[in-house]
There are 2 protein chains.
Amino acid sequence: MAIKTLGAKAAAALDQELMSTGAFSIDQLMELAGLAVSQAVYRVQPLEKGPRILVACGPGNNGGDGLVAARHLFYYGYRPTIFYPKRSKNELYQRLAKQLEDLDVPFADDFPTAMKSTDHIVDAIFGFSFSGEVREPFPDVIKSLQETKIPVTSVDAPSSWDIENGPPKTGLGSSFMPTALVSLTAPKPLVNHFTGRHFVGGRFVSPSIAKKYNFDVPPYQGIDQIVEIGPSEQKL
Amino acid sequence: MAIKTLGAKAAAALDQELMSTGAFSIDQLMELAGLAVSQAVYRVQPLEKGPRILVACGPGNNGGDGLVAARHLFYYGYRPTIFYPKRSKNELYQRLAKQLEDLDVPFADDFPTAMKSTDHIVDAIFGFSFSGEVREPFPDVIKSLQETKIPVTSVDAPSSWDIENGPPKTGLGSSFMPTALVSLTAPKPLVNHFTGRHFVGGRFVSPSIAKKYNFDVPPYQGIDQIVEIGPSEQKL
């Protein structure tokens, strides 16, 4: 039995529902999403494997999740560096960036240089609203991500992948397979093409929302905001 | 060496600083505070000791922290019930209450009746901004809390206690000693009168803020949002 997934349109509708009738603010949801990402990184990249985390942030919500995750990682004892070349004028993202600046977390200007001194990379470039072409300056970043041997954790989607169909057939991103993926809220159809470690972080979705959008709430344990979904559960 | 504490005025100034130059939103801070409380309850009242948690919420921020904690406790597998007799018109608290209603978490009208079927109580009535008299309808609630044998976890302050001087010398609250206390951001001076299990939840305070307000960041472990401060660290 294949895992139940949430298509791009359904994911957008669910987000909209959480923030309207669900009464969540985007601050709240982004805090919980970023917290989930930080907990997955803590599993994939235990501190003793190296504390330097390069967080590549895109211009939208996926980048915001990355900024929140970086802050939590700082508190866990990691040394995050942020690559955030397309800073949004959105007030929330500006505040999230300020919170990192107040922790003296460095912002890198050049991705290849920053990659030379990191132990792990978080890909928070594009999320479930991505479609079409990878815009500048991100093609070179995606190229680096697909070529590097440094482990990569992607947030919600491996950046450049199509949300429904997975990796591009040819060209940029076609051979990008991150070490780990954190599906936020619920897995998207692209997970059927993903062969790395797969986590779900959506412990803020009510049973009624999960039922309405027809996905299963995975077996979160204890106080964890994430759960690792094994290959056996992912596909049969 | 006594633990370094944060007086009521300093705590208010710190909160204000986090939300102005610190660029945090109250949604974000309340989510993190409530999450910390939920993690402390998870330690004090493991699920196997009984999953029913009665959360008594006051009209202000302390009550908001309680509402957030109740939501996280629901996701951990507890069965929270909310007592929230003075509902605020504040939009944030209304949203936090709606999030619980969407989980079918019950709201109780009568505190003594609700106490008859609970395993643990969270006291989220008054926080660091409390001073003076306990207003209606809370005197009866405080009386119940100080008489009950059901374990109680207080949020930031045992309700009715003076933030600087601890329990009232006589009358209401003078013999109230909760099982556990979660100091949010940093311990307040009242902790010098507290003899139960003491947790600190403030893993969102930057090193520079801690330095400026002259308190120590306790040794949080792993991904925990709380740390238990043993009596030996509390007083010598």
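Here is the naming used below: chain letters follow the sequence lines, and residue numbers restart at 1 for every chain.
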- By a 4.5 Å heavy-atom criterion (distance strictly below it), what part of B/Phe24 contacts chain A: side chain, backbone, both, or neither? both
- Message: At a 4.5 Å cut-off on heavy atoms, which part of B/Leu18 comes close to chain A: side chain, backbone, both, or neither?
- Response: neither
- If you measure only the distance, is there a donor-acceptor pair under 3.5 Å linking the side chains of A/Asp102 and B/Ser206? no
- With a cut-off of 6.0 Å (strictly less than), are more than 12 heavy atoms of other residues, nucleotides or ligands near CG of A/Asp109? no
- Would you indicate whether the side-chain heavy atoms of B/Gln28 and A/Met30 approach each other to under 4.5 Å? no
- Query: If you draw a 6.0 Å radius around CD in A/Gln94, do more than 12 non-hydrogen atoms from other residues or ligands fall strictly inside?
  - Reply: yes
- Determine the option with the most heavy-atom pairs under 4.5 angstrom with chain A, choosing from B/Lys98, B/Glu31, B/Gln99. B/Gln99
- Can you say whether A/Leu32 sits under 4.5 Å from chain B via the side chain, the backbone, both, or neither, judging by heavy atoms? side chain
- Task: Measure B/Leu96 against the heavy atoms of chain A and call it side chain, backbone, both or neither at under 4.5 Å.
- Result: side chain
- Message: What part of B/Ser25 gets within 4.5 angstrom of chain A, counting heavy atoms only: side chain, backbone, both, or neither?
- Response: both
- Which atoms of B/Glu101 come close to chain A, meaning under 4.5 Å heavy atom to heavy atom: side chain ones, backbone ones, both, or neither? neither
- Task: Name the region of B/Val41, side chain, backbone, both or neither, that has any atom closer than 4.5 Å to a heavy atom of chain A.
- Result: neither
- Message: If we define contacts as heavy-atom pairs under 4.5 Å, which of B/Tyr220, B/Phe204, B/Tyr76 has the most with chain A?
- Response: B/Tyr76
- A/Gln221 portion near chain B, given a 4.5 angstrom heavy-atom threshold: neither
- Query: Contact part of B/Leu103 toward chain A, heavy-atom cut-off under 4.5 Å: side chain, backbone, both or neither?
  - Reply: side chain
- Message: If I take atom CG from residue A/Asp224 and atom CD1 from residue B/Ile223, how far apart are they, to the nearest 0.5 angstrom?
- Response: 5.5 Å
- Message: Taking side chain as everything from C-beta outward and backbone as N, CA, C, O, which of these in B/Tyr42 sits under 4.5 Å from a heavy atom of chain A? Side chain, backbone, both or neither.
- Response: side chain
- Query: Ignoring hydrogens and geometry, is there a side-chain-to-backbone donor-acceptor pair from B/Tyr75 to A/Val205 under 3.5 Å?
  - Reply: yes
- Item | chain B contacts, top residue of A/Pro46, A/Gly22, A/Ser208 (heavy-atom pairs, under 4.5 Å) | A/Gly22
- Under a 4.5 Å heavy-atom cut-off, does chain A meet the side chain of B/Leu35, its backbone, both or neither? side chain
